[in-house]
Amino acid sequence: MAKKNLRKKDIDFLSAYNRKTVEIKESQSKLMPIIIVLLTLSIGGLFGYLKFDEYRLNKELDDINDKLTGLEAKYDVPNYNLESTLLSSLRATTKLLNGAYDNLNTYSEFDTELLDTILVKPPYTKVISFKFDRTSGTVSIGLQANKVEETEAYVRDLRESGKYLDVYYTGYDSSALSQAYVYNVTIILKGGN
């Protein structure tokens, strides 16, 4: 009997579909402003958090720089210890090396590989001075060594490398107080400006 009743009634699927589609569109149109507001708040919140984090990190960096400045001032007194002596020695060597690397472009045959070959020295030898004259193509180095053998070995290694036109050695001068041997080496480079 239910079948007979269904046959007599026509079901309008198209109108049911259209009604359902309109309901979905209406619910979506109500949700869209809410979604946009939530996305805007989320992006704004993230941007605000990142700005605050950047401000916090910059403040921490400023605090660290202030502490470093205070420590540098603390160790800059006349009664400094071994660490501050080593630090100042490292700074001086770094300054010399930075100056040498800055001058590399002014001499066509003088590059970092050649500079590294010059500065490879025995382990207990310290660079006191470094000068590069691009007009004459000469490098003058003042060195200090703990052993006499290191002075001669360094000069011999430079001469035997064959990378330089000539290597001059002034001999060493010893100091009884510091128990060190000071010597100068002048290297004439091949080619150049």
Side-chain angles (χ1 to χ4, degrees), residues 53-54 56-193:
D53 198 41
E54 178 185 7
R56 182 185 59 81
L57 290 174
N58 283 336
K59 186 155 179 61
E60 285 180 18
L61 185 62
D62 290 342
D63 290 344
I64 289 171
N65 284 333
D66 291 343
K67 288 177 184 177
L68 283 175
T69 304
L71 287 173
E72 286 176 350
K74 180 180 176 182
Y75 286 106
D76 202 25
V77 294
N79 298 330
Y80 53 86
N81 54 22
L82 179 62
E83 289 85 18
S84 63
T85 305
L86 291 173
L87 180 62
S88 61
S89 171
L90 286 173
R91 283 184 180 159
T93 303
T94 303
K95 185 177 178 182
L96 287 171
L97 290 175
N98 285 337
Y101 278 106
D102 288 343
N103 288 327
L104 289 178
N105 292 332
T106 62
Y107 201 79
S108 63
E109 297 298 317
F110 194 45
D111 58 3
T112 54
E113 183 181 335
L114 193 62
L115 182 63
D116 288 341
T117 322
I118 292 172
L119 294 177
V120 170
K121 56 193 180 327
Y124 297 105
T125 301
K126 175 180 160 185
V127 175
I128 299 171
S129 66
F130 184 94
K131 180 182 174 192
F132 173 66
D133 183 0
R134 69 176 161 165
T135 321
S136 62
T138 59
V139 176
S140 301
I141 307 171
L143 299 149
Q144 180 178 350
N146 291 344
K147 299 178 182 178
V148 175
E149 299 84 8
E150 290 177 354
T151 63
E152 297 165 354
Y154 178 70
V155 173
R156 183 179 57 248
D157 291 344
L158 288 175
R159 287 180 177 155
E160 291 176 358
S161 72
K163 295 182 179 184
Y164 315 105
L165 192 61
D166 208 347
V167 178
Y168 297 102
Y169 167 58
T170 60
Y172 59 88
D173 187 24
S174 64
S175 170
L177 293 175
S178 65
Q179 298 176 345
Y181 302 95
V182 178
Y183 61 105
N184 294 308
V185 176
T186 302
I187 301 168
I188 301 176
L189 303 175
K190 295 179 180 178
N193 295 337

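These numbers were taken from a predicted model, which means no experiment stands behind them.
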Novice: Could you measure the distance from the CG atom of L143 to the OG atom of S129? Nearest 0.5 Å is fine.
Specialist: 7.5 Å
Novice: Taking only residues two or more places apart in sequence or in another chain, which ones pass salt bridge (charged side-chain N to carboxylate O under 4.0 Å, His left out) with D53?
Specialist: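 For D53 the salt bridge (charged side-chain N to carboxylate O under 4.0 Å, His left out) partners, ignoring immediate neighbours, are R56.
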Novice: Working to the nearest 0.5 angstrom, can you tell me the gap between T93 OG1 and I128 CD1?
Specialist: 10.0 Å
Novice: Hey, could you give me the CZ/CD distance between R156 and E149, rounded to the nearest 0.5 Å?
Specialist: 10.0 Å
Novice: So do the side chains of L57 and L61 get within less than 4.5 Å of each other, counting heavy atoms only?
Specialist: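 Of all side-chain heavy-atom pairs linking L61 with L57, none is under 4.5 Å.
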Novice: Are the side chain of T186 and the backbone N or O of Y168 linked by a donor-acceptor pair below 3.5 Å?
Specialist: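 No, T186 side chain to Y168 backbone: no donor-acceptor pair under 3.5 Å.
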Novice: Mind checking what makes side-chain hydrogen bond (donor to acceptor under 3.5 Å, both in side chains) contact with R91, not counting sequence neighbours?
Specialist: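 Applying side-chain hydrogen bond (donor to acceptor under 3.5 Å, both in side chains) to R91 gives E72.
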Novice: What pair of heavy atoms forms the shortest contact from Y154 to I141, and how long is it?
Specialist: OH-CD1, 3.7 Å
Novice: Going from OH on Y183 to CG on D173, what distance comes out if it is rounded to the nearest 0.5 angstrom?
Specialist: 13.5 Å
Novice: Let me confirm one number: the CD-CD distance from E150 to Q144, rounded to the nearest 0.5 Å.
Specialist: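 Between atom CD of E150 and atom CD of Q144 there are 11.0 Å.
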Novice: Working to the nearest 0.5 angstrom, can you tell me the gap between Y164 OH and T138 OG1?
Specialist: 13.5 Å
Novice: Looking at D133, D166, V139, which one forms a side-chain contact (heavy atoms from CB on, under 4.5 Å) with L189?
Specialist: V139
